[in-house]
Amino acid sequence: MTTSTALPVHPIPALSGNNAPVSQEDVFEEMEVIGQVPTDLNGLYVRNGPNAFYPPEWRYHAYDGDGMLHAVRFRQGLVSYRNRWIETRALKEEKAAGRALWQGLKEPQRTDRPDEPLKNTSNTDVKYHAGRLISMWYRSGLPYALDPETLQTIGPADFDGAIARLSAHSRPDEHTGELIFFDYDVKPPYMTYGVIGPDRQLKHKIEIPLDGPSLPHDMAVTEHYTILHDFPLKPDPEALAAGRYKVRFFGEQMTRFAVVPRHGKPEDIRWFTAKPAYLLHVVNAWEEGDEVVMVGTPYRVHTGPDGKPDAQRLETTIRLRQRDFMLYEWRFNLKTGETTERVIDDVLNTEFPVINSAYQGRKNHFSYHVVFPPGGNENPRFPGLVKYDLRTGGYVAFSEGPRHFYNEPGFAPRDNPQSEDDGYLVTLVWNAVDERSEIQVFDAKGARLAEGPVARILLPRRVPNGFHATFVSQQNLDRWGQP
């Protein structure tokens with residue numbers, strides 16, 4: 001049975017209500033179910049997110065908390081849940097000291113730790129590669145490997161000492177078993193790129209030539225190419241010199257994309273320019289004739305009275321964590337060197353895109369996003385889900401109402417799927433009406449998302465809102481076996 005307790009109230013929105021951390025690591029196997037859990041839904045949904053181990057005694061930012069994984073296991077109609085902190089080196093050091101040793105994004109960085117002036121919480125992303133979960137940090141740092149069954153931290157995922165840094169949104173290719181990665185830094189080399197093989201060995205690594213620090217958040221891969229991002233949103237040079245974190249949008253600069261063969265050299269990079277923009281998350285990319293196509297959800301860049309990008313408005317939008325996104329497509333012609341761009345949808349405000357991972361780097365027709373109301377603030381609302389048809393820009397959507405908070409879903413293929421959308425969407429939801437956390441399962445086929453969840457699994461305690469998630473099919477789990 002579910003239990004309801006008073007929600008934490010804190011003057012900082014990122015520590016109040018369901019944004020507040022939980023202090024328990026639990027396993028739940030007996031949970032109330034509304035509806036029916038499909039028996040052909042088998043695999044593992046995992047979501048990462050911030051969950052401070054020690055009470056923050058600083059100006060806490062929503063990105064500061066220690067990484068915690070929340071995992072939902074589906075087996076022939078049965079469901080279990082567990083959560084566990086990611087035992088990073090920094091968290092282990094703090095536990096040994098019995099207190100927090102790092103402060104957060106809004107505070108000065110540590111000067112006595114040049115190797116880790118800002119705490120690598122590994123709290124942003126989670127992917128599955130070669131039998132292990134890999135947790136990653138949005139600022140790029142040492143990733144961590146975890147057991148997918150127990151969530152126990154195995155240790156740093158340094159791939160036998162070959163890498164020390166890897167950014168969130170590095171991408172596994174289920175077809176080859178490779179992990180394609182990038183990282184970025186405020187000092188040279190400003191960006192590196194590489195490939196880890198299915199044997200967990202470094203196969204390829206190069207430096208990407210940049211004139212200064214950039215702020216890429218994601219990357220894209222196709223069957224043969226990788227697209228790396230150099231946007232005109234960059235660390236503010238003055239703030240950087242003072243040891244502070246601040247972003248600045250240089251609206252007079254063009255966006256640049258580096259298209260490089262998966263195992264290519266720096267001299268193989270083809271640079272493409274596009275309109276000034278900033279993109280957090282890629283939907284997917286693929287090859288189509290002479291073109292490499294990339295779809296994503298960039299911020300809407302408004303123009304000022306002079307017709308130029310309104311840099312201050314975009315900076316404010318990002319600083320306040322407001323939501324103002326479009327669904328957008330870029331095409332890079334490898335024959336002519338030209339870039340073409342188009343808006344797929346600028347009506348809905350959506351982000352956190354996911355796809356059927358079997359189509360990673362291959363042409364896909366559908367993507368699934370969290371839908372937001374226009375605008376937002378530091379206590380944002382994520383009230384629903386949407387399924388896009390990328391060919392037409394059409395969509396179907398579902399929302400329980402403005403007080404519900406949907407986390408990034410995972411696409412779970414049905415056993416023996418017959419089409420790209422033959423499966424389910426699985427997500428964690430905060431139900432503020434009943435003050436409880438739920439696992440919701442939607443049929444993703446056709447327009448069925450709009451019919452609402454086919455199953456709602458009620459959790460005995462709340463799960464804090466978080467960041468990114470992944471779904472690992474039972475077939476993929478069986479392929480790799482023990483970590």
Side-chain angles (χ1 to χ4, degrees), residues 27-47 69-82 126-129 131 133 148-151 172-175 177 284 353-360 362 364-370 384-389 395-398 400 406-429 437-459 463 469-482:
V27 177
F28 302 133
E29 295 182 342
E30 299 291 334
M31 295 175 285
E32 182 181 351
V33 178
I34 299 173
Q36 187 75 38
V37 178
T39 58
D40 57 358
L41 164 58
N42 292 287
L44 181 70
Y45 169 82
V46 190
R47 199 220 67 200
L69 295 186
H70 301 262
V72 183
R73 191 74 162 88
F74 295 90
R75 291 185 178 92
Q76 300 296 316
L78 300 177
V79 185
S80 61
Y81 161 92
R82 74 169 64 231
V126 59
K127 293 289 190 292
Y128 182 77
H129 171 252
L133 294 172
E149 291 293 339
T150 66
L151 301 187
D173 184 334
E174 290 184 10
H175 297 267
N284 196 21
V354 299
I355 64 169
N356 181 334
S357 60
Y359 288 78
Q360 177 77 67
R362 280 75 178 167
N364 67 308
H365 292 151
F366 305 109
S367 64
Y368 310 87
H369 306 209
V370 175
L385 299 174
V386 61
K387 174 187 178 181
Y388 274 112
D389 186 327
Y395 55 82
V396 293
F398 176 81
E400 287 269 15
Y406 283 77
N407 285 251
E408 181 176 87
F411 180 88
R414 197 186 312 270
D415 292 347
N416 303 309
Q418 302 301 304
S419 63
E420 179 190 338
D421 65 346
D422 193 11
Y424 303 94
L425 278 190
V426 177
T427 186
L428 287 163
V429 180
S437 290
E438 303 176 1
I439 303 158
Q440 292 191 3
V441 179
F442 296 81
D443 192 333
K445 183 76 172 176
R448 296 173 189 168
L449 173 67
E451 299 172 6
V454 297
R456 296 163 62 193
I457 301 99
L458 312 186
L459 284 153
V463 174
T470 193
F471 188 89
V472 190
S473 69
Q474 188 62 49
Q475 181 180 11
N476 208 13
L477 289 168
D478 292 342
R479 173 185 177 187
W480 294 101
Q482 295 299 312

- Message: Rounded to the nearest 0.5 Å, what separates atom CG in N364 from atom CG in N284?
- Response: 4.5 Å
- Message: If you apply the rule side-chain contact (heavy atoms from CB on, under 4.5 Å), what do you find for V472 with V46, and how did you get there?
- Response: CA-CA 8 Å; V472 190; V46 190; 5.5 Å; no
- Backbone N or O of Q418 within a donor-acceptor pair of the D422 side chain at under 3.5 Å? yes
- Message: For D173 and R362: C-alpha separation, side-chain torsions, deciding distance, then whether side-chain contact (heavy atoms from CB on, under 4.5 Å) applies.
- Response: CA-CA 10 Å; D173 184 334; R362 280 75 178 167; 3.2 Å; yes
- Check: H365 main-chain N/O paired with E420 side-chain donor or acceptor under 3.5 Å: yes
- Check the side chains of N356 and Y368 for a donor-acceptor pair under 3.5 angstrom, ignoring hydrogens and angles. no
- Query: When rounded to the nearest 0.5 angstrom, what is the spacing between CD in Q474 and CZ in R73?
  - Reply: 4.5 Å
- Task: Would you indicate whether the side-chain heavy atoms of S80 and R75 approach each other to under 4.5 Å?
- Result: yes
- Query: Given V37 and I457, is the side-chain contact (heavy atoms from CB on, under 4.5 Å) satisfied, shown in steps?
  - Reply: CA-CA 8 Å; V37 178; I457 301 99; 4.1 Å; yes
- Note on the structure: For V370 and P409 the tightest heavy-atom approach is CG2-CD, 4.2 Å
- Query: Can you name the closest pair of heavy atoms from V396 and G446 and give their distance?
  - Reply: CG2-O, 4.5 Å
- Q475 atom CD, over 12 foreign heavy atoms within 6.0 Å: no
- Item | F471/F411 aromatic ring centres below 6.0 Å | no
- Task: Give a yes or no answer on whether the side chain of T427 reaches the backbone of N407 with a donor-acceptor pair at less than 3.5 Å.
- Result: yes
- Task: Taking all heavy atoms of S419 and all of K445, pick out the closest pair and write down the distance.
- Result: OG-NZ, 2.6 Å
- Query: Is the closest side-chain heavy-atom distance between D443 and E451 below 4.5 Å?
  - Reply: no
- Kindly say whether L477 contributes a backbone atom to a donor-acceptor pair with the side chain of R479 at under 3.5 angstrom? no
- Task: Applying side-chain hydrogen bond (donor to acceptor under 3.5 Å, both in side chains) between Y424 and each of R448, R414, Q440, report the one that passes.
- Result: R414
- Message: Using 0.5 Å steps for rounding, measure from the NE2 atom of H175 to the OG atom of S357.
- Response: 8.5 Å
- Query: How far does CG of L428 sit from OH of Y406, to the nearest 0.5 angstrom?
  - Reply: 11.5 Å
- Message: Restricting to non-hydrogen atoms, name the atom on P148 and the atom on Y128 that form the minimum distance, rounded to 0.1 Å.
- Response: CG-CE1, 4.2 Å
- Message: Minimum heavy-atom separation for L459 and M31, please, with both atom names.
- Response: CD2-SD, 3.6 Å
- Item | Donor-acceptor under 3.5 Å (K387 side chain, F366 main chain) | no
- Query: Does one side chain, of D415 or N42, offer a donor that lies under 3.5 Å from an acceptor on the other?
  - Reply: yes
- Looking at CG of D421 and CD1 of I355, how far apart are the two atoms once the value is rounded to the nearest 0.5 Å? 13.0 Å
- Message: How about CG on D478, more than 12 heavy atoms from neighbouring residues, nucleotides or ligands closer than 6.0 Å, or not?
- Response: yes
- Do the side chain of R47 and the main chain of V72 share a donor and acceptor less than 3.5 angstrom apart? no
- How far does CG of L44 sit from CG of L151, to the nearest 0.5 angstrom? 7.5 Å
- Task: List the atom of F74, the atom of L41, and the distance in Å for their closest heavy-atom pair.
- Result: CB-O, 3.3 Å
- Task: Please lay out, stage by stage, how V33 and V79 fare under the test side-chain contact (heavy atoms from CB on, under 4.5 Å).
- Result: CA-CA 9 Å; V33 178; V79 185; 5.7 Å; no
